[in-house]
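Down below is the structure, laid out as structure tokens.
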Number of protein chains: 2
Amino acid sequence: MNKNLLTLADCAPSSTAEPMARAKAEDISALLKAVADPTRLQILALIAKADLQESCACDLTGPLGLSQPTISHHLKKLAEVELVEKQRRGTWIWYSLNKTRWSQIAQLFA
Amino acid sequence: MNKNLLTLADCAPSSTAEPMARAKAEDISALLKAVADPTRLQILALIAKADLQESCACDLTGPLGLSQPTISHHLKKLAEVELVEKQRRGTWIWYSLNKTRWSQIAQLFA
DNA sequence: GCTATAAATAGACAACCATCTATAAACCAA
DNA sequence: TTGGTTTATAGATGGTTGTCTATTTATAGC
């Protein structure tokens with residue numbers, strides 16, 4: 001996933017050649033699906049604006065008006081594609097953005 | 001949608017303030033959902049690599065192994081969020097990428 | 001008008017997903 | 001160990017969506 005979508009298309013020799021490999025399309029799709037949810041976009045924005053750019057899950061339920069398991073579910077989805085990272089400090093688990101992964105998405109559309 | 005997601009977060013004064021407006025999150029989500037599908041990513045790549053960077057729907061069914069209505073369905077989704085544009089020339093309808101819209105996505109993750 | 005081709009629509013169906021409640025697991029402090 | 005707090009998991013449910021077949025609409029040529 002080191003080339004963007006448009007240049008990826010150039011890998012094939014002609015306009016009637018094979019399409020982008022399905023497996024690669026599914027990889028990119030999985031990453032984008034994780035971001036393409038309104039609640040997860042709000043979660044990412046909340047983390048980004050928090051002090052030290054990290055939040056614990058319990059700080060997200062209130063502003064978003066969602067149950068704790070629902071927030072946990074979304075954070076798991078974001079962690080699965082490595083868009084957020086978790087770090088346990090005592091009772092709390094702190095979530096932060098993986099900016100490398102973030103900019104990889106930007107590269108896809110550059 | 002003229003600021004990216006991370007700076008959008010800065011609009012709020014403190015870490016306990018309101019989250020990103022739900023309506024805005026849903027707008028961005030709708031755009032990203034349109035791209036976050038493996039078949040639609042393949043369609044976009046096929047259009048990008050085609051001669052003159054445009055394809056008619058009938059050129060997509062073969063390489064992707066999908067029915068004509070399914071391709072039509074995906075092209076409609078992409079057109080709804082203005083990621084592709086359509087132009088009728090006789091019997092065929094030619095689809096091309098809206099690169100302005102494309103780069104707007106890149107801006108979100110810049 | 002008739003026929004052929006391209007694209008869109010309608011309707012059906014299976015798979016996926018966001019959310020909830022209820023419960024369990026992990027951790028800290030007495 | 002007991003109790004309180006935070007996070008994760010299990011299971012259920014309603015809504016969304018990708019795909020298909022069948023049909024309709026639009027255009028071109030005879």
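Bear in mind that the values here come from a model prediction, so they are computed numbers and not experimental data. What's counted below: heavy atoms across the whole structure, side chains too, no hydrogens, waters or symmetry copies.
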Out of D:dT19, C:dT19, C:dA8, which has the shortest distance to the side chain of A:L66? C:dT19
To the nearest angstrom, the CD-P distance between B:Q42 and D:dG18 comes to 14 Å
It should be established whether B:R40 places a side-chain nitrogen or oxygen under 4.0 Å from OP1 or OP2 of nucleotide D:dG18. yes
For the pair made of OH in B:Y95 and C1' in C:dA8, what is the distance, rounded to whole Å? 9 Å
Is the shortest side-chain N/O distance from A:K86 to OP1 or OP2 of D:dT7 below 4.0 Å? no
With rounding to the nearest 0.5 angstrom, report the CG to CG distance, A:L108 to A:L31. 7.0 Å
Select one nucleotide: of C:dT19, D:dG18, D:dT9, the one nearest the side-chain heavy atoms of A:P69. D:dT9
Can you find a donor-acceptor pair, distance only, under 3.5 Å between B:Q68 side chain and C:dA8 base? yes
A:R22 side chain: which of D:dT19, D:dT7, C:dA6 is closest? D:dT19
Nearest whole Å is fine: how far is D:dT19 P from B:K76 NZ? 16 Å
Evaluate the side-chain proximity of B:L44 to B:V35: yes if any heavy-atom separation is below 4.5 Å, no if none is. yes
Can you measure B:W92 atom CH2 to C:dA7 atom P for me and round it to whole angstrom units? 8 Å
When you measure from the side chain of A:T91, which nucleotide among D:dT5, C:dA7, D:dT27 comes out closest? D:dT5
Would you say D:dT19 has OP1 or OP2 under 4.0 Å from some side-chain N or O of B:T39? yes
Just the rounded figure in Å: distance from P of C:dA15 to CG of B:D37. 17 Å
When you measure from the side-chain N and O atoms of A:K33 to the phosphate of C:dC16, is any distance below 4.0 Å, counting only OP1 and OP2? no
Taking only the side-chain heavy atoms of B:H73 (C-beta and beyond), determine which of D:dA10, D:dT19, D:dT27 contains the nearest atom. D:dT19
Proximity to the side chain of A:T70 - top-ranked nucleotide from D:dT9, C:dC20, D:dT27: C:dC20
Atom CD of A:E85 and atom CD1 of A:I47: how far apart are they, to the nearest 0.5 Å? 10.5 Å
In whole Å, what is the span from the CD atom of A:Q87 to the C1' atom of C:dC27? 16 Å
Toward the 5' end of DNA chain C, which comes first, B:C56 or A:R89, by nearest nucleotide? B:C56
Whole-Å gap separating P (D:dG18) and NE2 (B:H74): 6 Å
Within less than 4.0 Å of OP1 or OP2 of D:dT7, is there a side-chain N or O belonging to A:S72? no
In terms of heavy-atom contacts, B:A57 and B:I71 come closest through O-CG2, 4.0 Å
Among A:K49, A:K86, A:R89, exactly one meets salt bridge (charged side-chain N to carboxylate O under 4.0 Å, His left out) together with A:E54. Which residue is that? A:R89
On a heavy-atom basis, which atom in B:V81 and which in B:A30 lie closest, and how many Å separate them? CG1-O, 3.9 Å
Starting at CZ of B:R88 and ending at P of C:dA6, how long is that distance when rounded to a whole Å? 12 Å
